[in-house]
Amino acid sequence: MSITQAAAVLPHPASNPFIAFLRKPINWFLLFIPLTVALEHVHSIPAPVLFFSAAVAIVPIAALIVASTEQLSTRTGDAIGGLLNATFGNAPELIIALVALKAGLLDMVRASLAGAILANLLMALGVAFLLGGLRFKEQRFNPVATRAYSTMMFVAAVSMTVPSAFNRAFATQGGPIREEKMLNIGIAVLLLLAYGLYLLFSLKTHPHAFASVESEHGGGGHDLDEHWSVTRAIVTLVLASLGAAWMSEILVGAAEGTGKALGMSQVFIGIVFVAIVGGAAESGSAIAMGRKNKMDLSVGIALGSCIQIALFVAPVLVLASYFLAPRPLELAFGRAEIGSLFMAVLCGALVCGDGQSNWYKGIQLLTVYAIIALMFYFMPAAT
Amino acid sequence: MSITQAAAVLPHPASNPFIAFLRKPINWFLLFIPLTVALEHVHSIPAPVLFFSAAVAIVPIAALIVASTEQLSTRTGDAIGGLLNATFGNAPELIIALVALKAGLLDMVRASLAGAILANLLMALGVAFLLGGLRFKEQRFNPVATRAYSTMMFVAAVSMTVPSAFNRAFATQGGPIREEKMLNIGIAVLLLLAYGLYLLFSLKTHPHAFASVESEHGGGGHDLDEHWSVTRAIVTLVLASLGAAWMSEILVGAAEGTGKALGMSQVFIGIVFVAIVGGAAESGSAIAMGRKNKMDLSVGIALGSCIQIALFVAPVLVLASYFLAPRPLELAFGRAEIGSLFMAVLCGALVCGDGQSNWYKGIQLLTVYAIIALMFYFMPAAT
Amino acid sequence: MSITQAAAVLPHPASNPFIAFLRKPINWFLLFIPLTVALEHVHSIPAPVLFFSAAVAIVPIAALIVASTEQLSTRTGDAIGGLLNATFGNAPELIIALVALKAGLLDMVRASLAGAILANLLMALGVAFLLGGLRFKEQRFNPVATRAYSTMMFVAAVSMTVPSAFNRAFATQGGPIREEKMLNIGIAVLLLLAYGLYLLFSLKTHPHAFASVESEHGGGGHDLDEHWSVTRAIVTLVLASLGAAWMSEILVGAAEGTGKALGMSQVFIGIVFVAIVGGAAESGSAIAMGRKNKMDLSVGIALGSCIQIALFVAPVLVLASYFLAPRPLELAFGRAEIGSLFMAVLCGALVCGDGQSNWYKGIQLLTVYAIIALMFYFMPAAT
């Protein structure tokens, strides 16, 4: 949520916004946009090159989306700002997934949803704990907020398991699935409702429960290293979203060829690469906060992002699939994905539950991530 | 456990016990007893009408059973009183289940056991947290007792899973089930043993661990809004139990027809309707305590009731089935039921673990309940 | 880890080490070594007699291995001593498993690994809580260390689940298992890496997090009731290891016949008997500490032993199997074993999470152990 802060290299930003823009190394990666477009027109280009070029191009675009959302949110009140952050915070994931949805790559969409949660919960938090813990022996954060996040994550994981178990049980039976569509839409609506109430809870009735996280937003602009005009923020947001959609289309188009060339399944590409690309901006932010010993921010960004994906991005994609996709998207994850989600959520709850972190907790989270990634790497494409 | 308190509308009860009786709105529902009996003799009556009439009639009867148990327990010492409460606290569930057992509706008995735990843990507690949280911003309760309850619940869920997994694994293999009956009885005996020791623990050696809950019983009668003679209490208990058995027989008899008429499976009717009817008295009590900010009582009633069902009612039904039922009852729940139980228990442990509640925690529990109910609603009857 | 202390019967040890040796009742069981060797040459001897004689002989040998390791570790610095304890602490389990591995009894090896974790986590800790709780109403221990252990156990359980799920999913599919060997070795290496970092964490960077446990090692020799010369310690360690290997060979050789004679499956013998024999020394130590109200030591020994088995013994066996065993050992546990492991780990985390124990917590752990053992007893040998 505070990408601009995380990416800041200058204590006193230059007065010229263009120079300030260029001084941030992350923005140099925007050069990958023209490069990707150029590569796309070279016919003999191997799919993996195109894929990774588009992936790299998306990272700074995602950072711009997050930064402009943040700038807009400081112009509004706390509640509306929080709402903006909550809605656009995972815009990059949402855009990539919508593009993949339209292309009918439903397995990849599901995998990228599960992967985004794994990446935030295990990888981003693991790296943040590891790097933070190497600098500061013991780091502390608000356990009450973490507990609230953990419960939310658990509820979200349950909501995703039920239709998956349902789908699997009756797919193998071969029997008629009674109004499976109704269940699918019913759960999506329930999740959005739970998300709406979560926003009401965290922004209106109990903001104090998320105190340290909220202080960043509430503290107005003095946390940001630069101020954008509202026009600039809106224009950046629109342009970056268009750019994200453009690059996502190239990324998704090259995904299948990349899988074949590298011997990876659609699920592995979705659960690892697409998920990391979509969440890179927020992950980077969570890690940067960890290194600055702002653990409440770090944990809040990583876990908050998971909740948004599970309770907002996922049901929106389900509902959107009835208009956009060739077939409706069901939240019917495979056994391995559901198992990984539950392990990640319980692991996160156990590791974060006492409000303390050290480098070894980071290693624990990363070990679980590595084992899960290994499993998906070796899993046959057929599944 | 303190239904009389929960149902009290008058600060100073009338001296005439009959008028006092009539002044409680819940007792007016006793009129559903003659109504149900009358309806049963109308041959063209649709099964759902009869089913719901019997269901409504059971609610005030259950309240009377609980109230008379409570009156008796104030006449005895703390330990015996606690024992009485613990044994008769779930009498309504037990009576309904015994009637269904005799009728050979084993799937419905199992479903109502699982459903009673879900209803107490997710629905009753969820509503208590929600309504309590809307009145009082933050509510607190004894986390040590909650932790003890959670662990008990987890042990109980494990005990129910093992025979289920066992049964499923070998039913599909088609192989011979070596002394499955022995396992079934062995686990029932283990559960009853664990329950006996739990009573010893909570009533004798460590009552202080459940302090706030116990203070209600220990405080003698001044918590009750009226005093019954021992005779009245015993007569009420016997009459109400007979009435519960009578109504249960009508309820269970109409269950199959209701399912067919409304397109619901036996499992759904058991897991939702029968479970809610059987536990209505205690659920209502837990909710009323939540609204009065007596959270320790509220959590104690809801979780204590779950433990009684898992460690006492379930094994008693298993053992009784060898005498009463056409086939022995095995604690062999379906995958969906076991999955739901574990989710509910872990969810409850996560949500209650810090000894604080707010309205959103109520929403979380209710969301999980709604998702589980949705799943069972859409699940084909064949399973 | 402090067997000598646990087994001490004399407040002031005799100056003659031989008499001191004989004064410990556990050492009298060493007589079972010649008895077992003699029995082996009686051809008509029933397999169960030989099996249990070898099992009894292993217990004092295991105690000698642990004692000599401890003596050696007091001669070295804290870190090296800790390393020695960590490496040789589970030597008996490792030796038995290596012998079974060489004999190709892979199912028994896997079962004994799972069983050793169950025995430590549920049985040893359960008995320690029960006996300690009967003496002392409420016992306390360091919840931070317990939490670290719980998370480690959870990570270890996850690491064991992934290859199991993988193996099962594709065994049933009948499809080609793409480089399953790579996954197997990859996870073994990851586990050893995690174990190495765990040692670095617990011995070097954050020893204070395990404070009370560590004080035993750090406190030098005054905790031990006698001092051995380095030579005596090394000679004892080598001789006891050889003796353990010898007895293990007899034990493993008689295991199959014992199973047939008693109608028990290889898995049941592995998960209960072999596991208890291998871990008897450490279990006894954990229980003795519980009775002395040294709960930090008790919990540390039991949980530390689980982590060593999962993160050190298991991957070493996997890697060794490529050289020793007729077929490679895969960490492919059955559903029942994995389910039991997770239940045990979650149960342990819930029960120990608040740093308090009482007799009923012991009963809870033992109930879960009894239910799991019952299940494996009744499970057909075919699975």
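Chain letters run A, B, ... following the sequence lines, proteins first, then strands; residues in each count from 1.
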Only one of C:Leu317, C:Asn90, C:Leu192 passes side-chain contact (heavy atoms from CB on, under 4.5 Å) with C:Phe312, and that residue is C:Leu192

Where does A:Ile371 contact chain C at under 4.5 Å (heavy atoms): side chain, backbone, both or neither?
-> both

C:Ser202 side-chain N/O to C:Tyr198 backbone N/O, donor-acceptor pair under 3.5 Å | yes

Looking only at C:Leu200, C:Leu346, C:Leu197, most heavy-atom pairs under 4.5 Å shared with chain A are made by C:Leu197

C:Ala194, part contacting chain A, at a heavy-atom distance under 4.5 Å | both

Hey, which of A:Lys361, A:Met343, A:Gln356 has the most heavy atom pairs under 4.5 Å with chain C?
-> A:Met343

A:Leu303 side chain reached by A:Asn120 side chain, heavy atoms, under 4.5 Å | no

Are C:Asn358 and C:Gln139 linked by a side-chain donor-acceptor pair shorter than 3.5 Å?
-> no

